[in-house]
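Report on the structure given below.
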Amino acid sequence: MTITTERVERPAPAPRVAIIALARAEAGRLLHSPLLWGAMVLSTGLGVAWTWTRMPSWEKFHENAGMASMVLAAALVVACQLAAGRDGRAGAEESARTLPAGPARRSLGLLAVIPVAALAGAVVYAAELLLLLPTWPVGRFVPWAAMVAAVLPAIGAAVGVVIGRFISAAAAGPLAVVALFVLLALPMIFGSVGLPVWPVSLVTWDFGFPYPHGWHLLYLLGLLATATAAVSWPAAPKVSAAVGVVAVLFAGFSVQREAAITPDVIFVDEAMQRITPERLDCQVHAEVRYCALPGYGSWNRYWREAVEPVAELLPPTARKPSVRQIARMDDLKPMTPGYPELVVGEVWGRIGGWAEDSRQAMTRDYVMASVGLLRREAPWHLRYCDASGQHRTVAALWLAAQAAPGEGLALPRVRYGPAEIQAAESLLARPKDEVAAYLAGHWPEILDPSATGLAGLGVTIVPPPVPTGPPAEPSGSAVPTDAGVCR
Amino acid sequence: VIRLLVPHVIRAVPWWPFAAAAVLAVVAQVPALRSNPDPRWVLTGLRLAAAVLGAAAGFALPDLMAATVITPMARWRRQWLRLAVLLLPAILVWSSIYVVVRAMVGPALSWPAGFVILQAAVCGLLPLAAAAVGARYRNSAAGALPGPVTQGVAVVLTLFLTERASPWPVPVSAEWTTAQRGWPVALALVLLTLLIANRETTRPGSA
């Protein structure tokens with residue numbers, strides 16, 4: 001018996017059309033990969049979890065998002081290695097050989113995974129931002145740092161394809177991930193010169209020192225171009241080789257520039273130059289001056305929540321301490337010489353208990369600054385001191401308890417005893433307005449550490465003599481935590 | 001019968017991933033070469049060595065010929081044999097690395113040895129257990145992929161636990177925190193999974 005079938009006259013597709021069809025198929029396959037989706041979920045989760053407790057700054061957010069996107073990149077190395085190695089696994093070599101599009105063209109089709117990977121990275125980045133709403137990062141947004149989150153997965157995908165083209169065995173992907181990790185981490189272990197080689201910029205400089213994120217992004221793009229050139233090498237050997245060589249040199253040059261710009265040390269003077277009072281974002285609310293670092297202005301409302309309950313209780317004649325944000329370094333010089341000032345850092349709790357802790361700590365610090373127990377210009381102001389017997393301690397306890405009812409009678413970094421707590425409780429038993437009026441009338445005596453300003457309200461504790469001059473400097477290596485009687 | 005099978009299994013299992021893993025395991029110890037080694041990186045190197053060796057050993061588990069040959073031997077024996085052929089050299093490689101690193105960093109750096117070995121055992125056996133489960137369902141090289149993938153997911157999940165809750169505390173303390181008590185539990189679970197996954201299977205095609 002002879003079977004005749006009618007021949008379908010369908011012309012072979014043009015190379016372009018074939019490659020586009022292959023690219024669409026590969027993109028579709030990757031989009032259905034559980035490795036991709038699983039890694040996207042894990043990356044998003046990690047990025048959000050690392051940023052969950054603290055109000056994010058763009059710098060910190062980009063660091064966390066970048067590190068999280070490395071998980072996605074690692075998964076894409078494995079997924080794309082499997083995709084590229086498909087031809088050579090499970091005895092598929094012979095079937096693959098009969099396909100009309102050869103390995104070179106199939107490699108070009110596989111390039112479609114790179115934009116898909118970049119898109120996945122961008123989606124993860126956006127998802128992290130959305131999940132952290134309603135809080136929005138503060139500080140300076142650097143687009144080059146943001147793009148790292150999309151470029152890293154793209155590099156992962158391209159590297160995966162390259163490896164899959166050479167080694168089709170399934171074990172190659174995971175081993176490549178470990179090898180890449182070791183390769184990138186080793187320079188970092190051997191000192192700061194190797195730090196820029198790591199895919200995510202982890203250098204945290206003081207405020208106002210822009211990190212060369214642009215050079216870092218160019219370095220990563222150089223790596224991406226190198227891997228892409230390796231993928232398209234079988235299809236266009238000469239062009240790819242030329243592009244590859246240029247890309248490697250370019251990546252090397254960029255990372256070298258990045259390392260060269262990075263200073264080894266930053267001096268306090270230099271750092272303070274960049275956050276001088278004129279450069280800060282200052283606002284006055286209810287007689288209190290708040291000065292935020294540029295870009296951190298939206299934190300004003302959190303500081304006001306912490307400060308205003310205290311400021312309202314202070315006598316109208318009292319000097320209400322200013323609030324000033326500093327970065328990592330402090331030269332201990334107030335904005336207005338002689339005027340009390342409270343410094344806050346770059347860390348604030350983002351949500352729930354963490355936000356409560358930040359507010360509570362700032363309320364108590366503001367009380368301390370208001371009564372002169374916390375003085376910014378004193379170099380020993382962060383050491384413990386003995387505030388027992390002093391009437392301003394009692395006033396501070398009363399202020400703290402009135403400003404934040406139900407949070408207990410506690411002051412940070414000072415020692416006091418049951419006598420002061422008892423005196424504060426006796427003040428709390430009196431009507432609030434009566435005590436506030438008394439404070440207004442006797443404020444200078446209350447602030448005086450050696451006076452008995454609260455005697456009119458029945459406070460009988462006796463202040464110890466206050467030493468003059470600074471406390472004894474720490475001798476030897478052990479830093480004393482105690483500065484003696486509070487000055 | 002086992003004695004007859006050993007040479008054949010040795011020839012059948014894929015050795016190149018193991019060789020590559022051994023090289024990586026050695027390279028990961030470079031941090032110990034520093035004049036004042038950072039304990040974080042030294043310990044990470046030791047754990048990474050165990051993990052990569054275990055992941056590579058897992059690729060011996062899928063029996064590519066299982067569907068084509070009827071063997072007069074129980075599956076669990078064959079699977080444990082395949083496992084042993086790579087696991088024993090893996091243990092040997094890791095132990096040598098450990099001894100050398102221990103000698104290199106000197107007494108300046110100390111850690112509870114038992115605890116680090118326990119961590120390494122979990123890091124190395126977790127991918128084996130996952131690969132054994134994978135090999136039950138798929139007797140191809142890709143059947144072992146659940147090993148490294150599970151390992152990767154497990155590592156990422158531990159990154160969610162920060163500071164005190166982290167199972168990777170540095171310095172490794174001798175006392176057992178809640179997070180550290182998880183390690184023996186993990187080891188028990190991993191061994192149990194291995195035992196179950198290497199059982200006889202009645203599914204056609206994966207004998």
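For clarity, every value in this text was computed on a predicted model and none was experimentally measured. Lettering of chains follows the sequences in order, A, B, ..., and the numbering in each one begins at 1.
- Proximity to chain A involves both the backbone and the side chain of B/Ala21, based on heavy atoms less than 4.5 angstrom apart.
- Within 6.0 Å of the CZ atom in A/Arg54, the count of heavy atoms belonging to other residues, nucleotides or ligands does not exceed 12.
- In this structure, CG on B/Leu24 lies 12.0 Å from CZ on A/Phe181, to the nearest 0.5 angstrom.
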Check your understanding: Should B/Val30 and A/Val182 be marked as a side chain to side chain contact (heavy atoms under 4.5 Å, CB included) after you check the CA-CA gap, both sets of side-chain angles, and the distance that decides it?
Key -> CA-CA 10 Å; B/Val30 169; A/Val182 172; over 6 Å; no
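- For A/Arg29, the CZ atom counts as loosely surrounded, since its 6.0 Å shell holds 12 or fewer non-hydrogen atoms of other residues, nucleotides or ligands.
- Between B/Val27 and A/Leu186 the shortest side-chain heavy-atom distance falls below 4.5 Å.
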Practice item. Would you please test B/Trp16 and A/Leu175 for side chain to side chain contact (heavy atoms under 4.5 Å, CB included) and show each step? Key: CA-CA 11 Å; B/Trp16 76 264; A/Leu175 284 171; 4.1 Å; yes
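- With chain A as the partner, the residue from B/Leu48, B/Val155, B/Leu157 showing the most heavy-atom pairs under 4.5 Å is B/Leu48.
- In this structure, the separation between CG on B/Leu145 and CG on A/Leu35 is 8.0 Å, given to the nearest 0.5 Å.
- No part of A/Ala75 comes within reach of chain B, as not one of its non-hydrogen atoms sits under 4.5 angstrom from that chain.
- Scanning all heavy atoms of the two residues, the minimum distance from B/Phe160 to A/Ala49 falls at CD2-CB, 3.5 Å.
- For a residue to count as touching a neighbouring chain, one of its non-hydrogen atoms must lie under 4.5 Å from one of that chain's; by this rule B/Val153 touches chain A with backbone and side chain alike.
- Only the side chain of A/Trp50 comes within contact range of chain B, judged by heavy atoms closer than 4.5 Å.
- In terms of heavy-atom proximity, A/Ala170 sits nearest to B/Phe59 at C-CE2, 3.9 Å.
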